[in-house]
Amino acid sequence: MTVKLSKTSKLDGILSWSLNALDTCQGSINPVTKELVPACQGCYATTGNYRFPNVKAPRDFNKQDWQRDTWVSDMVTALDSSRYFRWFDSGDMYDLRLAEKIYQVMQATPWCKHWLPTRMYKFTKYDQVINAMMKLDNVVVRLSSDSVTGEIINGLTTSTIFSDTLPVGAFECKAYQHEGKCNGCRACYNKDVQVVAYKAHGVKMAKVIKILTVKG
Ligand code: SF4
């Protein structure tokens, strides 16, 4: 059986494997208020193209597909000629067994640099597998901050969203200057880039920032 990977121009044609957002994003909920954290309130993966059936369908498929026995070996075969791979253009590793399988794929594909953004670091049961992934030379697990105002969280490799001022020491993602495309940049896949900062964009994100600013 073949796995369903996406190839988008946004990522310079780099392959990715994703799930539908929110449904698989336990880390997007503030455990006290039960509301979405600011970064997820403005999430691009819940609007635009991501609502189209042809985009949702492969993500629904993937949610079932990873559970079969040959998924890891099929993923390894699918990455045979890939030098870069992006996990979770949308969604997150909502199940520990999925995270463990992703680790096996990463371990078996040392020729390929993996970038995996996640909020599952908030759950201690993921510590072991995330740490094991981070120890692999070909893997960057980027822990996502909930902030939309540039707050940087602790971690070897992290990311944040900022509105006006680039956080000190962060690498600024310039995709917004290239119609949302990486345009040859590979900073997110680079272990030496500790913090990547994405400039807030889109109407939805602007509203989130406005509300936060009013609240002070
Ligand atoms: S920092 Fe570079 S690799 Fe990461 S999303 Fe932006 S353009 Fe792409």
Side-chain angles (χ1 to χ4, degrees), residues 5-19 21 25 27-28 37-50 55 59 79 81-93 102 105-106 109 111-121 130 133-134 136-206 208-209:
L5 304 178
S6 311
K7 193 176 198 174
T8 62
S9 61
K10 185 174 101 176
L11 294 169
D12 295 350
I14 288 171
L15 294 170
S16 60
W17 187 92
S18 297
L19 297 170
C25 300
S28 67
V37 299
C40 299
Q41 287 174 27
C43 177
Y44 63 84
T46 58
T47 56
N49 291 350
Y50 287 87
V55 178
R59 289 164 170 77
L79 297 190
S81 56
S82 290
R83 293 295 166 264
Y84 293 91
F85 188 73
R86 161 84 188 260
W87 293 93
F88 302 111
D89 180 44
S90 62
D92 208 336
M93 46 185 186
I102 290 174
V105 175
M106 291 167 161
T109 54
W111 59 84
C112 178
K113 287 185 187 298
H114 296 253
W115 160 28
L116 188 153
T118 186
R119 286 194 164 74
M120 300 311 286
Y121 63 85
I130 288 177
M133 287 174 178
M134 283 178 161
L136 296 173
D137 288 341
N138 59 323
V139 174
V140 171
V141 180
R142 228 166 249 293
L143 312 182
S144 306
S145 166
D146 293 337
S147 172
V148 293
T149 52
E151 191 185 314
I152 293 174
I153 56 168
N154 288 331
L156 276 182
T157 39
T158 70
S159 69
T160 188
I161 297 171
F162 71 104
S163 50
D164 299 317
T165 312
L166 179 69
V168 176
F171 176 92
E172 183 183 8
C173 170
K174 298 277 178 55
Y176 70 94
Q177 295 177 1
H178 306 287
E179 299 167 334
K181 296 178 183 173
C182 289
N183 202 36
C185 172
R186 299 289 180 264
C188 289
Y189 306 80
N190 186 343
K191 278 184 190 290
D192 294 334
V193 180
Q194 193 186 347
V195 185
V196 175
Y198 305 104
K199 194 161 172 49
H201 65 278
V203 178
K204 210 172 167 192
M205 190 60 88
V208 175
I209 291 168

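All values below come from the heavy atoms of this structure, side chains included, with hydrogens, waters and symmetry mates left out. Order of appearance sets the numbers: ligands from 1, and atoms from 1 within every ligand.
- Residue pairs meeting the ring pair (Phe, Tyr, Trp, His ring centres under 6.0 Å) criterion with at least one partner in residues 143-192, sequence neighbours excluded, are Y84-Y189, W115-Y189.
- Under the rule for a side-chain hydrogen bond (donor to acceptor under 3.5 Å, both in side chains), the partners of R119 that lie at least two apart in sequence or sit in another chain are D146.
- With contacts defined as side-chain heavy-atom distances shorter than 4.5 Å, the pair C185/K174 does not qualify.
- In this structure, the side chain to side chain contact (heavy atoms under 4.5 Å, CB included) partners of T160, at least two apart in sequence or on a different chain, are S145, S147, I152, P167, V195, A197.
- R142 places a side-chain N or O within 3.5 Å of a backbone atom of T158 that can act as its donor or acceptor partner.
- Ligand 1 lies under 4.0 Å from heavy atoms of W115, F171, C173, C182, C185, R186, A187, C188, V196, Y198.
- In terms of modelled atom types and a separation under 3.5 Å, the side chain of K181 and the main chain of L11 share no donor-acceptor contact.
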